[in-house]
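Order of the sequence lines fixes the chain letters, A, B, ..., with proteins taken first and strands second; residue numbering starts at 1 for each chain. Every heavy atom of this structure was used, including side-chain atoms; hydrogens, water molecules and symmetry mates were not.
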Amino acid sequence: MRRETFVAALLAIATSQSAWPIEPGAVAPATAGAGLIDGKPTSLASLRGRVVLLDFWASWCGPCKLSLPELEQLRGELHAMGYAQRFEVLAVNVDTDAKAATRFIDRHPVTYPLLADPDGRLPQAYALPTMPSSYLIGADGKIVEVHSGYKPGDAQKHLKPAILKLLGGAS
Amino acid sequence: MRCGCTIVLMLLASACTAVQPWQRGELANPSMAWEPDPLRAALDQHTYASKEASSGGAGLAGGGCGCN
C-alpha cells in the first residue's frame with residue numbers, strides 16, 4: 001500500500017466519527033422503539049401519510065419544561081381544527097434513566113406518543129444539533145424543517161405556521 | 001511522511017471526545033454546576049469587582065445542559 005493511501009485511510013477513519021446533521025429535504029431516518037410509558041412499539045413509519053413533528057427531549061433539559069406543554073397545546077389546537085388524522089407529534093426521550101423521564105411526564109403530562117431511546121441511537125442518526133430539537137416531517141416522510149432549541153412561544157410563532165402550510169390550511 | 005503518520009495516529013489514539021447534546025444529562029445535574037448558588041456567586045462577584053476594580057473570569061465554558 002502506498003504511504004499516501006495509508007494516511008488517507010487513517011484520516012478517513014479519524015473523521016468518520018463525526019456525523020453530518022440531517023438537512024431539510026432528506027428522508028427522515030428510521031425512527032422506532034418502545035413507548036416510554038407503556039413499552040408498546042412506537043414508530044414514525046406507523047404515522048406515514050401524516051405530517052409529524054418529531055421532538056427530541058430529556059428530563060434534564062430546561063427548555064423542555066416549556067416545549068412539552070406548548071407542543072401539547074399546539075397539537076390540541078390542530079386536532080380541534082380537524083387535523084387529527086393528518087397531524088401528530090412524536091416525542092423521543094433520550095434520558096438514560098427512565099424513572100427521571102416518567103417523573104417529568106407526571107409533572108408535564110402530554111397525550112401524544114412518547115418513545116424511549118436511552119441508548120441515544122436516534123439522536124445519533126439525526127446528528128442532533130442541540131437539545132431540544134424538533135423535526136417537521138411531511139406526509140411523504142421527508143424532513144421539511146429543523147427547529148433547534150426552544151424559546152417561549154416557538155410553537156405558536158414558528159411551528160404552527162409551518163405545520164399549517166404543510167397541511168394546506170391558513171396560518 | 002513518517003511525521004504525518006505519527007500525528008494522525010496520535011489523533012486516533014486520543015482519549016478526548018466531544019460530548020454530544022443528548023449526552024449532557026450528567027453535566028446538567030445541579031451538583032455539576034461551577035456555581036451551585038447563582039445568587040451567592042453574583043454577590044461574591046459584586047464584592048470582588050468593588051474591591052479589585054475588575055470583573056469576569058469567574059467561570060468556565062463546557063458545563064451544564066448546553067441547551068438552546
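- Between Met131(A) atom CE and Gln20(B) atom CD the span is 12.5 Å, to the nearest 0.5 Å.
- If you tally non-hydrogen atom pairs under 4.5 Å between each of Ser133(A), Pro63(A), Cys64(A) and chain B, the highest count goes to Pro63(A).
- Clustering ILVMFWY residues whenever any of their side-chain heavy atoms sit less than 4.5 angstrom apart, transitively, puts Ile163(A) in the very cluster that holds Trp57(A).
- Under a hydrophobic-cluster definition in which Ile, Leu, Val, Met, Phe, Trp and Tyr are linked whenever side-chain heavy atoms come within less than 4.5 Å, directly or via other members, Leu68(A) and Val89(A) are assigned to the same cluster.
- Closest approach of Leu128(A) and Pro21(B) over heavy atoms only: O-CG, 3.5 Å.
- Both Ile37(A) and Leu71(A) are members of a single hydrophobic cluster when ILVMFWY side chains are connected at heavy-atom separations under 4.5 Å.
- Side-chain contact check for Trp60(A) versus Glu26(B): every heavy-atom pair is 4.5 Å or farther apart.
- Hydrophobic clustering (ILVMFWY, side-chain heavy atoms < 4.5 Å, transitive): Val51(A) and Leu54(A) are in distinct clusters.
- Both Phe87(A) and Leu159(A) are assigned to one and the same hydrophobic cluster, defined by single-linkage of ILVMFWY side chains at heavy-atom distances under 4.5 Å.
- Neither the backbone nor the side chain of Ser148(A) has a heavy atom closer than 4.5 Å to any heavy atom of chain B.
- The shortest heavy-atom contact between Cys65(B) and Cys61(A) is SG-CA, 3.9 Å.
- Interatomic distance, CH2 of Trp22(B) versus CG of Asp95(A), reported as 15.0 Å (0.5 Å rounding).
- Shortest non-hydrogen contact noted between Cys67(B) and Gly62(A) is SG-N, 4.2 Å.
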